[in-house]
A.B. asks: 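Quick one: the structure is below, questions incoming.
Residue numbers run from 1 in the order of the sequence given.
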Amino acid sequence: MTWFHTSVPGFAFTACFLLAASVLRGVSTRGDDAAPDSFIGFDSVPDKVADGSVVRVRYRCSRPCRLAVEVVLSTLRKTDLVVFRRKWISGTPQTLRVRRVLLRLPPSVSHRRRHVHGSAADAQNVTLQAWLDDLKGGGEIGSVAGIHKVQRVVRLSLWPGSAPGCPSWSAQLEWLTSNDKIHQCPHETDVVDLLKFPLASTGERFGVVRRFRPFISGALERVRLHAVTEPSTAFSVWIYLLKWCQKKHCGIIHHVDKEHLFDSVLMQLSETGDIIIQARLTTGEDEAFRTHLMLPLWKWIRLDCYILDSKVLLNVTWDAKSHRFEYVFRNSIHFDDTDGYFVIGGGRYMPGFAGYFGPFKYYRLGTDEIRNQLHPMSTAQELDRAQVACQEMRTLAKAFLHQVAESRLLSPTDEAVCSNNPLRRRGQFDSREAVCTQMWSVERQQKHATLFRFLQGVEEIIQRERLGVRRLGSVLFELTVGAVFLVEGKQIKILSESMVLLQASSCFGNHRASLLLATIYLSGLGRPADQEKGHAYSLIGAAGDDRFALMHAGFKHAHGLDGFPQDSDVAYGYYSNVGSQSSIDRSRIHEHKQYTPHFIYLGNEDDLNSLTDESSDVFRYLQYQAERGDLESQRRLGTMLYWGQNGVSKDIASAVKWFERSAMQMKDPEAVYDYSILLMKGQGVKRNYTQGFQLLKKAAAMGSINALNGLGWYHGIVLKDHRNAAKYFEQAALNGSDDGMFNLGIYHLTGENPDKPWRNESAAFEQFLNASRFGHAAASVEAAWYLSTGSLRGVSPDVERAVTLLQNVCKWNGHLGFMMREALQAHLQGAWEEALVKYILAAETGLGLAQSNAAHLCEELGVGYDCRWRYRNHSILNSDPHPSTLLEIGDYYYYSSAGTRGNSLSLAEQAVSMYSRAALAGSPQA
């Protein structure tokens, strides 16, 4: 990828459908010359590494190569200790192969020897890695490609006599008295909690994927297999609808089998509010039935479904009133929960509903009585209370806006306002007549006095800009956020008035306000901590489809922070939504409200000194050099103005001018390519396909790899010449173009290449995965979906890696970059409290840079230990924390260990871990 290609996006196709999962566990490159069609990956690995474990390695070499599998041990005393290595040479190039490798570990690693002191006793983790060397002429080693996966080691209890060495009598006695004599299998149950914590659903095609394995217990597995054709199963789920289904069908839960077809059982909502249950019969036919019952909005509803052979019993309950439905299918239901995967909410093939899921229980082998209560003090109940309060605020605001629009402001003493107000008729669906309510009663005025005063204060703005409720929420947030934190002494304080206005902004649809409220309640910054309220506002923001709130929920679930249960499947559900939005955002990155995140650390003077603006000497000198015809200055100036980099404001028209001047010199192929893309997209210049195509061909002839991808796009989209389009994409992909890899993957999926008119999902996934290594947003989204579902045969799911791929996409989101820019500008202007609020909003998404800067500002403002260490600790959970943060936390652990007896070794280990990570990040102080 060229330097400028990161600033002006190229062309990429959009995948219409994707139906497969992964081929490789992972691919990374250690050298720059590795042939692009060489790869190595784990086809299967054990969950825990033990002596005798077997791994399967899938590989292909572009030329004769040497390969190896290694087990590397990390301990307190040593790192990178290789305890196993198996090498072999492949002399058959361009052939896909799979090799089975038996792992043999030394006794000191594989045996549990508490009486033996050594490196094995201090083992921290085990890394299973594979690599290949391309052999050039004469056996010379070329570039290296490799992968690795961190595993846990399982030590075996082989006693006595299996392991070498003779322990002392006292060591034997200690071993005999401290180890269990009888080894028992872990308890296994058929009752599964699919959800214990509420889940926000936006009504889109994003949900939670769950997979089921056969039972370990032979007795349970025999019962399950018998029940495939004579099922006895049950599940119970709580749902909370904010809107009725906006499509023909909306998923509550659906099952997709290995052939990518809907299987038993599907539970859906219809657009009329009915429930539809569909099942696959043993005859292979699909059958469904509908319950003619309109579900209410804004109430927790419990759905209990019992399936017995060919009969389905459904109980629907709300407000302590149950509705019972029974249906008998024509034949027995076919139900195999290990075939494929289940999706809670929306998925790739079906949208979800707008609202929330509560506790979700699944009885794999059925039950006579379902137990699935909603706790009265739970987050779910807090959500209901918040929604009821919001309805009242929205009703108030709508009436106020209506009267202002008619240029007659209501007096607080007005007796009544008549309006058609379905919001106040929750649960009543057979009558929608107008209702009269006394809006400005004394009680209502006192209850919402702060909001009413605010509305009166912005009456002129409402009249002038004709604000709706949603825009009013944005105005409310913008006027409140700058002054929400008040620093008094060494404490942050938040006025009650500010909390009320933030709540109103959240109710009106501004979910940055929801995220800020969640942060305040979860962290205890400025207000007493209230985890239930914090969780509720987190979910409200996520259900509102706000990018920051979705990233926040994903980050919390990925690491199990602030009372959110650690659950990678749920984290993936939230991140997949933001990843898809980020992919679209990148095509609109030139818009005003988006900026590429610029990594400026407030504690780093060099970073701050690198900032400039249009009036600075650096910028003026760059202009001077560009005017003189310096090609590099012209391109750099265009990039800064196009993206708004280094503190410079965006100016697309001026940027295009400099791109054109650098391109017309016809010296730099990438400069020519950059301008051709702007012509074809019509960004900052009138669209001109003819001139753009001519320049694109010249750029390709001059050696631009990205221009090859552009030619593929032009042939495929404009000329409909898919044969040549695929050839250009393949050339671009082979030369390292991430857009080319993605587009070639789309051709593998659709089979539109006349030379290869068939779908090849494995080849498509390989291209997506390779493109994701370069940060390609759309490719990362597709590769992550494969990894999360695990639906490609022979490949295990890897949800953690799917989450990591999406996190890497999300941290480059342009809206996140815009918030970071606003925070930096506030800091440079001396508005540190406002800067802190905005950095905290970005920090809660999981962005390490924002977390480090929030911690720095907490320290500079002197607002307490909790604020500073909250974000220091959060930042080290990222893959690339700032070295200074790692050193600071390492120092904390080191000096804490000196004064502690009981766990001093544990603290010292953590200190060593922090120092090691800082050294790997390039810190000379580590």
A.B. asks: Filter on salt bridge (charged side-chain N to carboxylate O under 4.0 Å, His left out), then keep only pairs touching residues 199-208, sequence neighbours left out; what's left?
C.D. replies: none

A.B. asks: Among residues at least two apart in sequence or on other chains, which ones pass side chain to side chain contact (heavy atoms under 4.5 Å, CB included) with Q246?
C.D. replies: K243

A.B. asks: Can you name the residues that form a side chain to side chain contact (heavy atoms under 4.5 Å, CB included) with S523, not counting sequence neighbours?
C.D. replies: T519, L525, R870

A.B. asks: Under a 3.5 Å threshold, yes or no: a donor from one side chain and an acceptor from the other, between H882 and S875?
C.D. replies: no

A.B. asks: For the aromatic rings, using the six-membered ring if either is Trp, is the centroid distance between F197 and H557 under 6.0 Å?
C.D. replies: yes

A.B. asks: Is the centre of the H552 ring less than 6.0 Å from the centre of the F548 ring?
C.D. replies: no

A.B. asks: Is the distance between the ring centroids of H559 and F564 less than 6.0 Å?
C.D. replies: no

A.B. asks: Checking W812 against Y595 for the ring pair (Phe, Tyr, Trp, His ring centres under 6.0 Å) test, could you report, in this order, the C-alpha distance in whole Å, the side-chain angles of both residues, the deciding distance, and whether it holds?
C.D. replies: CA-CA 9 Å; W812 292 101; Y595 279 83; over 10 Å; no

A.B. asks: Measure the spacing between CD of E497 and CZ of F454 and express it to the nearest 0.5 Å.
C.D. replies: 10.0 Å

A.B. asks: Just checking, any donor-acceptor pair under 3.5 angstrom between side chains of Y356 and Q387?
C.D. replies: yes

A.B. asks: Working note: D567 + K556, criterion salt bridge (Lys or Arg N to Asp or Glu O under 4.0 Å); need CA distance, chi angles, decisive distance, verdict.
C.D. replies: CA-CA 9 Å; D567 191 326; K556 300 301 181 185; over 6 Å; no

A.B. asks: Restricting to pairs with a member in residues 509-555, which pass disulfide bond (SG atoms under 2.5 Å apart), not counting sequence neighbours?
C.D. replies: none

A.B. asks: Can you list every pair that meets salt bridge (charged side-chain N to carboxylate O under 4.0 Å, His left out) and has a residue in residues 512-537, with sequence neighbours left out?
C.D. replies: R512-D546

A.B. asks: Please list, chain by chain and in numerical order, all residues satisfying side chain to side chain contact (heavy atoms under 4.5 Å, CB included) with E478, sequence neighbours excluded.
C.D. replies: R471, S474

